[in-house]
Enquirer: 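Handing you a structure now.
Everything quoted here is computed from the prediction, not taken from an experiment. Labels below follow one simple rule: chain letters A, B, ... track the order of the sequence lines, proteins then strands, and each chain is numbered from 1. Side-chain atoms are counted along with the backbone in the values below, which use heavy atoms only and exclude waters and symmetry mates.
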Amino acid sequence: MSRELQQQYNPKEVEDKIYRMWEKSGYFAPEAHQPRADNPDRLKPKAFSIIMPPPNASGALHIGNAVFVTLQDIAVRFQRMRGKKTLWLPGFDHAGFEAQVVFDKKLEKEGRRRSEITKEQLYKEMLDFAHENKKVVEAQLRKLGASCDWSREKFTLDPEIVKIVTDTFVKLYQDKLLYRGERIVNWCVKHQTTLSDLEIRHEERTEPLYYLKYGPFEIATARPETKFGDKYVVMHPKDKRYAKFKDGEKFETEWINGKVTATIVKDEVIDMNFGTGAMTITPWHDPADFELAERRKLDKEPIIDRYGRLLAIAGEFACMKIAEARPKIVEKLKAKGLLAKIDPNYKHNVAVCYKCGNVVEPLIMPQWFVKMQPLAEKAIRAVEKGEIKIIPDRYKKVYFHWLRNIRDWNISRQIVWGIRIPAWYCGKKVFITSHQLVRPVVGPKVETVHTQFADPVLVGEKPPKKCPDCGENDLVQDPDVLDTWFSSGQWPYATLLAGKQSGKSEIRNPKSEIVSDDFKNFYPTDLMETGYDILFFWVARMIMLGLYRTGKVPFRTVYLHGLVRDKDRQKMSKSKGNVIDPLGVAELYGTDAVRMALTVGNLPGNDIIISEEKIKGYRNFANKIWNASRFVLMHSAKTKDERRKTKVRFTVEDKKMLKKLNELVKQTTKDLESYRFHHAADRLYHFFWHYYADKVIEKMKPKLNSPEQKETAKALLLEFHTTLLKLLHPFMPFITEEIWQRLPQKNKKMLIVENWPS
RNA sequence: GGGCAAUUAGCUCAGUGGUAGAGCGUCACAUUGACAUUGUGAAGGCCACAGGUUCGAUCCCUGUAUUGCCCACCA
């Protein structure tokens, strides 16, 4: 056997081999690692747990995923080496709507259409697709060195998880925190589903603003195609221009398709300074108008259908798409003398689907909503009281602001890919599912959309035998699925409750008995590490649902990392072609180098700039470590003779150096305890290269030739070397473990479970 | 419209109430020595601007500018 190392570090020969060794050792699981006898924590090993943000099962890992893998793996390896029972639980998200969009593209490529496939078939194909993808991502996580416990891996569509998720739905319903209501929702005309408020983007557009004559008033609108049914004209009660009009007063006026009876409404929501200070309202297609109509109990009428086509009320324009109808309507208004003027440069924001960019049509629909305010209040308090710490601190403000202004959450989606809503309806009653379209019939007879829907006869895990009201056996399950964030929002407790050791996976109320060992041992988890871009989508909802379901916060610390950008500060995207594939660069320069590049300069809440140059820099660092190790190994072959001849006696200068090393240990430990990963990594880099390699090793070189000083020099180098390998291990696990395995000490363990220096 | 952050060397970023730091890049020199994926050294900065607090401000306060981001139902 040869301990000779090659001149250069070759990660390809090392990484897979080392990962297999770790995985085989079982040390990724919390129960496998027994702290050594000399570890002060051995009598009461505390737990440390992180639930991995589940990557989408619909695509490969991107560089942003590599950031979370790196930071979480650093935290986990550090705590494991400190002797804690450490659990890092991996999992995958079915990613409902996102995955549907990905799959649609795949179908398109194959020349197939979603409408040609039955829902059951589509679901099955997507499930297969997800399972295939999962395998790819699992391999990628291994390649990045993730020391997570694969035996506990979960998927959001695992039956145990689904059970917990739907239990929460039922419980929320019973607690009256969940309701089915006809409210205005964001409807994506292209994707034929509703979207939550977070899934829409606002885009600034410059469009004409039309001033129309409405009886004695002039009203402004950017959307004349919605105005057919307008029968209320609203103004501020203090507006002197309209002082002579009274609230509730009616008048008749000529409108687009003939005469209408209009009612005057005086309300303070009106901004007197906008346009003419008077407006008509369209409650069916505008959230603000909807709110006003609800509050003042005004009639609402649909104008546009779910395909973005005009309904019967539009008369000659019925069945036209908005874009086609708008200019024609304006023309008619002009011809009838109802068009006062056009402001061609009206700048305003329109809501668009965050995936396809198409304008979102606000519509009134029967949907499921979670009543957020009571949940939000508790979530606010938990952070106020410091039960959850947010890093960086400034995101607290953002978090509070969102929760204090929260609106009810629409959690039903009209897609097949997801967890079905556990609600059943009586087949006899009128029931129009939210995805069924009532299309206007072209011709003289045109129908309007039906809006009736039945109340669910049962919300529960299983359908009832028959309708409790009429005895009908034909019960229909709600065709919709849950917003994917409704399940991922329960991820911390769902994954732990569904833990392999638990026989049951049910908690009946917040105060109920804890039923799984994993839940008992690891909940609340210690750290939730994720990107700041999903603070609302995910973090806030996990806190709300976690508090609701378990009575406890789901995690103690939230660490928010930034987005990865290229060296020109551009967001990485496929269309820009500036995407760095984490696995590709790991293959080229080694995983350890990529991990360091993703850690140094990565401050919480700040975006991180990464370039291939930076990764190369840390590839060089890996090589530096490698060669310093070669040097130390070259001089560590001791013969009995040598050892007998000389004694280890540190000089004053040696002790100074060792003191510096000890300071490094303390600082690194402190930084890792407080999640200052970037600091620790940067300091280690400098210390290793510019102190240990440049100064300490250089100073020892002449001593290694002196018979008297030889052993002392060797001992000093070995002390430095082993300590530094341990400190570097969380950041650069592969190279440090590989070298560790080649060190000559006897009875050594794997570095992954070595004791953290103190 | 509201909020947040940033502004330090050519680039990416640390940092501290007491004469400014690193990496990369640049330039010069070194070379079979653990490592050229190297070493030694050098050049390079009114720490955005204007006020204030202070014996002293890059750091604390106020304002301004520029940039980036988030939130938002003015038709």
Enquirer: Considering residues at least two apart in sequence or located in another chain, which fulfil the side-chain hydrogen bond (donor to acceptor under 3.5 Å, both in side chains) criterion with A:Glu291?
Expert: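 Testing A:Glu291 for side-chain hydrogen bond (donor to acceptor under 3.5 Å, both in side chains), a comparison that skips the adjacent residues, returns none.
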Enquirer: Evaluate the side chain to side chain contact (heavy atoms under 4.5 Å, CB included) criterion for residues A:Arg683 and A:Leu664: first the C-alpha distance (whole Å), next the side-chain angles of each, then the deciding distance (0.1 Å), finally the verdict.
Expert: CA-CA 8 Å; A:Arg683 191 188 286 112; A:Leu664 176 77; 3.6 Å; yes
Enquirer: Hey, mind stepping through A:Met596 and A:Met732 against side chain to side chain contact (heavy atoms under 4.5 Å, CB included) and telling me if it holds?
Expert: CA-CA 7 Å; A:Met596 279 298 274; A:Met732 307 179 78; 3.6 Å; yes
Enquirer: Over all strands shown, is A:Arg394 touching base, sugar-phosphate only, or nothing at heavy-atom distances under 4.0 angstrom?
Expert: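 Touches sugar-phosphate only.
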Enquirer: Excluding sequence neighbours, so at least two apart, what forms side-chain hydrogen bond (donor to acceptor under 3.5 Å, both in side chains) with A:Glu698?
Expert: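 Applying side-chain hydrogen bond (donor to acceptor under 3.5 Å, both in side chains) to A:Glu698 gives A:Lys701.
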Enquirer: Considering residues at least two apart in sequence or located in another chain, which fulfil the salt bridge (Lys or Arg N to Asp or Glu O under 4.0 Å) criterion with A:Glu612?
Expert: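 Salt bridge (Lys or Arg N to Asp or Glu O under 4.0 Å) list for A:Glu612, sorted by chain: empty.
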Enquirer: Have a look at A:Gly277 and say if it touches a base, only the backbone sugar-phosphate, or nothing, with a 4.0 Å heavy-atom cut-off.
Expert: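 Since a base atom lies under 4.0 Å of A:Gly277, the category is base.
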Enquirer: Just to verify, what does A:Asp592 make a salt bridge (Lys or Arg N to Asp or Glu O under 4.0 Å) with, not counting sequence neighbours?
Expert: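 Salt bridge (Lys or Arg N to Asp or Glu O under 4.0 Å) check on A:Asp592 returns nothing, list empty.
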Enquirer: B:A75 C1' sits how many Å from A:Phe290 CZ, rounded?
Expert: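 Whole-Å distance recorded here is 18 Å.
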Enquirer: Mind checking the C1' distance from B:C27 to B:G10? Whole angstroms is fine.
Expert: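 Taking atom C1' in both B:C27 and B:G10, they lie 14 Å apart.
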Enquirer: If the C1' atom of B:G52 is compared with that of B:A9, how far apart are they to the nearest Å?
Expert: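 Pairwise C1' distance, B:G52 against B:A9, rounds to 29 Å.
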Enquirer: Given atom OH of A:Tyr618 and atom P of B:U12, what is their separation to the nearest angstrom?
Expert: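 To the nearest whole Å, that distance equals 15 Å.
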Enquirer: Can you measure A:His690 atom NE2 to B:C35 atom C1' for me and round it to whole angstrom units?
Expert: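 Rounded to whole Å, this separation is 13 Å.
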Enquirer: Determine the contact category for A:Tyr589: base if any of its heavy atoms lies under 4.0 Å from a base atom, sugar-phosphate if only primed atoms, P, OP1 or OP2 are that close, otherwise nothing.
Expert: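 No contact.
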Enquirer: B:A5 C1' sits how many Å from A:Leu560 CG, rounded?
Expert: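 Taking CG of A:Leu560 and C1' of B:A5, I get 14 Å after rounding.
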Enquirer: Give me the stems containing RNA chain B, sorted by first residue, counting only three or more consecutive Watson-Crick or G-U pairs with both distances under 3.5 Å; say none if there aren't any.
Expert: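 Consecutive-pair runs (3 or more) involving RNA chain B: B:1-7 with B:65-71, B:10-13 with B:21-24, B:26-30 with B:38-42, B:48-52 with B:60-64.
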Enquirer: Of the nucleotides B:A75, B:G23, B:C4, which has the atom closest to the A:Lys397 side chain?
Expert: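 From the listed options, B:C4 comes nearest.
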Enquirer: With nearest nucleotide decided by heavy atoms, which residue, A:Phe621 or A:Ile608, maps closer to the 5′ end of RNA chain B?
Expert: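 The residue whose closest nucleotide sits nearer the 5' end is A:Ile608.
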Enquirer: Can you identify which nucleotide, out of B:C35, B:A75, B:C13, has its nearest atom closest to the A:Ile609 side chain?
Expert: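 Selected nucleotide: B:C13.
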Enquirer: Taking only the C1' atom of each, what is the distance from B:U53 to B:A14 in whole angstrom?
Expert: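 Taking atom C1' in both B:U53 and B:A14, they lie 27 Å apart.
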Enquirer: Assert yes or no for the condition that the ring centre distance of A:Tyr399 to A:Tyr395 is strictly below 6.0 Å.
Expert: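 They do not qualify: ring centres at least 6.0 Å apart.
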Enquirer: A:His678 near the nucleic acid: base, sugar-phosphate alone, or nothing, with a heavy-atom cut-off under 4.0 Å?
Expert: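 Nothing, no nucleic acid heavy atom in range.
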Enquirer: Given atom CG of A:Leu598 and atom P of B:U12, what is their separation to the nearest angstrom?
Expert: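 Answer to the nearest Å: 18 Å.
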Enquirer: In whole Å, what separates the C1' atom of B:U8 from that of B:G44?
Expert: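 Roughly 13 Å separates the two C1' atoms.
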Enquirer: What do you reckon, are the aromatic ring centroids of A:Tyr685 and A:Tyr618 less than 6.0 Å apart?
Expert: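 Here the rings of A:Tyr618 and A:Tyr685 have centres that are less than 6.0 Å from each other.
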Enquirer: So, do A:Phe217 and A:Phe245 have ring centers that fall under 6.0 Å from each other?
Expert: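 Yes, close enough.
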Enquirer: Around atom CD of A:Gln373, are there more than 12 heavy atoms from other residues, nucleotides or ligands closer than 6.0 Å?
Expert: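 It does not: A:Gln373 CD has 12 such atoms or fewer within range.
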Enquirer: In chain order, what residues pass the salt bridge (Lys or Arg N to Asp or Glu O under 4.0 Å) check against A:Arg223, with sequence neighbours excluded?
Expert: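 Residues passing salt bridge (Lys or Arg N to Asp or Glu O under 4.0 Å) with A:Arg223: A:Glu225, A:Glu361.
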Enquirer: Check the interface with nucleotides 32-34 of chain B: list each N/O to N/O pair with the protein under 3.5 Å, or write none.
Expert:
{"residue": "B:A34", "atom": "OP1", "partner": "A:Lys701", "partner atom": "NZ", "Å": "3.2"}
{"residue": "B:A34", "atom": "O2'", "partner": "A:Asn627", "partner atom": "OD1", "Å": "2.8"}
{"residue": "B:A34", "atom": "O2'", "partner": "A:Arg630", "partner atom": "NH1", "Å": "3.0"}
{"residue": "B:A34", "atom": "N7", "partner": "A:Lys701", "partner atom": "NZ", "Å": "3.2"}
{"residue": "B:A34", "atom": "N6", "partner": "A:Ala693", "partner atom": "O", "Å": "3.4"}
{"residue": "B:A34", "atom": "N6", "partner": "A:Glu698", "partner atom": "OE2", "Å": "3.3"}
{"residue": "B:A34", "atom": "N3", "partner": "A:Asn627", "partner atom": "O", "Å": "3.0"}
{"residue": "B:A34", "atom": "N3", "partner": "A:Ala628", "partner atom": "N", "Å": "3.2"}

Enquirer: Measuring only the P atom in each nucleotide, how far is B:A72 from B:A65? A whole number of Å is fine.
Expert: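 Per the computed distance, 26 Å lies between those P atoms.
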Enquirer: Mind calculating the distance between NZ (A:Lys614) and P (B:C13) to the nearest angstrom?
Expert: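 Result: 8 Å.
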Enquirer: Check every strand shown and say whether A:Ile270 touches a base, only sugar-phosphate, or nothing at a heavy-atom separation below 4.0 Å.
Expert: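 Base, at least one base atom sits under 4.0 Å.
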Enquirer: Tell me, please, which residues at least two apart from A:Tyr692 pass side-chain hydrogen bond (donor to acceptor under 3.5 Å, both in side chains).
Expert: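 By the side-chain hydrogen bond (donor to acceptor under 3.5 Å, both in side chains) rule, A:Tyr692 matches A:His721.
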Enquirer: Can you sort out the partners of A:Thr221 under side-chain hydrogen bond (donor to acceptor under 3.5 Å, both in side chains), two or more places apart, ordered by chain and number?
Expert: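 Here no residue qualifies.
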Enquirer: Collect all protein-nucleotide pairs involving nucleotides 25-27 of chain B in which both atoms are nitrogen or oxygen and the distance is under 3.5 Å.
Expert:
none

Enquirer: Give a yes or no on this: more than 12 heavy atoms of other residues, nucleotides or ligands lie within 6.0 Å of atom NZ of A:Lys389.
Expert: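 At most 12 heavy atoms, drawn from other residues, nucleotides or ligands, come within 6.0 Å of this atom.
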Enquirer: Can you confirm whether more than 12 heavy atoms, excluding those of A:Lys371, are under 6.0 Å from its NZ atom?
Expert: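 Atom NZ in A:Lys371 is not crowded, with 12 or fewer foreign heavy atoms closer than 6.0 Å.
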Enquirer: Between B:C47 and B:U58, how far apart are the two C1' atoms, rounded to whole Å?
Expert: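 Straight-line distance between the two C1' atoms is 4 Å.
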Enquirer: In whole Å, measure the gap between the P atoms of B:U26 and B:C35 for me.
Expert: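 Those two atoms are separated by 24 Å.
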Enquirer: Determine the Euclidean distance between corresponding C1' atoms of B:A28 and B:A43; express it in Å to zero decimal places.
Expert: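 Those two atoms are separated by 10 Å.
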Enquirer: Within the pair A:Tyr346 and B:A75, is there a side-chain N or O less than 4.0 Å away from OP1 or OP2?
Expert: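 Yes, because at least one side-chain N or O of A:Tyr346 sits under 4.0 Å from OP1 or OP2 of B:A75.
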Enquirer: Which pairs, protein N/O on one side and nucleotides 69-73 of chain B N/O on the other, fall under 3.5 Å?
Expert:
{"residue": "B:A72", "atom": "N6", "partner": "A:Asn349", "partner atom": "ND2", "Å": "3.2"}
{"residue": "B:A72", "atom": "N1", "partner": "A:Asn349", "partner atom": "ND2", "Å": "3.2"}
{"residue": "B:C73", "atom": "OP1", "partner": "A:Arg407", "partner atom": "NH1", "Å": "2.8"}
{"residue": "B:C73", "atom": "N4", "partner": "A:Glu291", "partner atom": "OE2", "Å": "3.0"}

Enquirer: The side chain of A:Asn623 is closest to which nucleotide in this list: B:G23, B:C35, B:A22?
Expert: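 Shortest atom-to-atom distance from the side chain points to B:C35.
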Enquirer: How many whole angstroms separate atom CG of A:Leu603 from atom P of B:A14?
Expert: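 Atom CG in A:Leu603 sits about 5 Å away from atom P in B:A14.
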Enquirer: Distance check needed: B:C11 C1' versus A:Lys616 NZ, whole Å only.
Expert: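 It works out to 15 Å between those atoms.
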Enquirer: Would you mind writing out the side-chain donor-acceptor pairs for residues 343-350 of chain A within the sub-3.5 Å range, not counting sequence neighbours?
Expert:
{"residue": "A:Asp343", "atom": "OD1", "partner": "A:Asn345", "partner atom": "N", "Å": "3.1"}
{"residue": "A:His348", "atom": "NE2", "partner": "A:Glu207", "partner atom": "OE1", "Å": "2.6"}

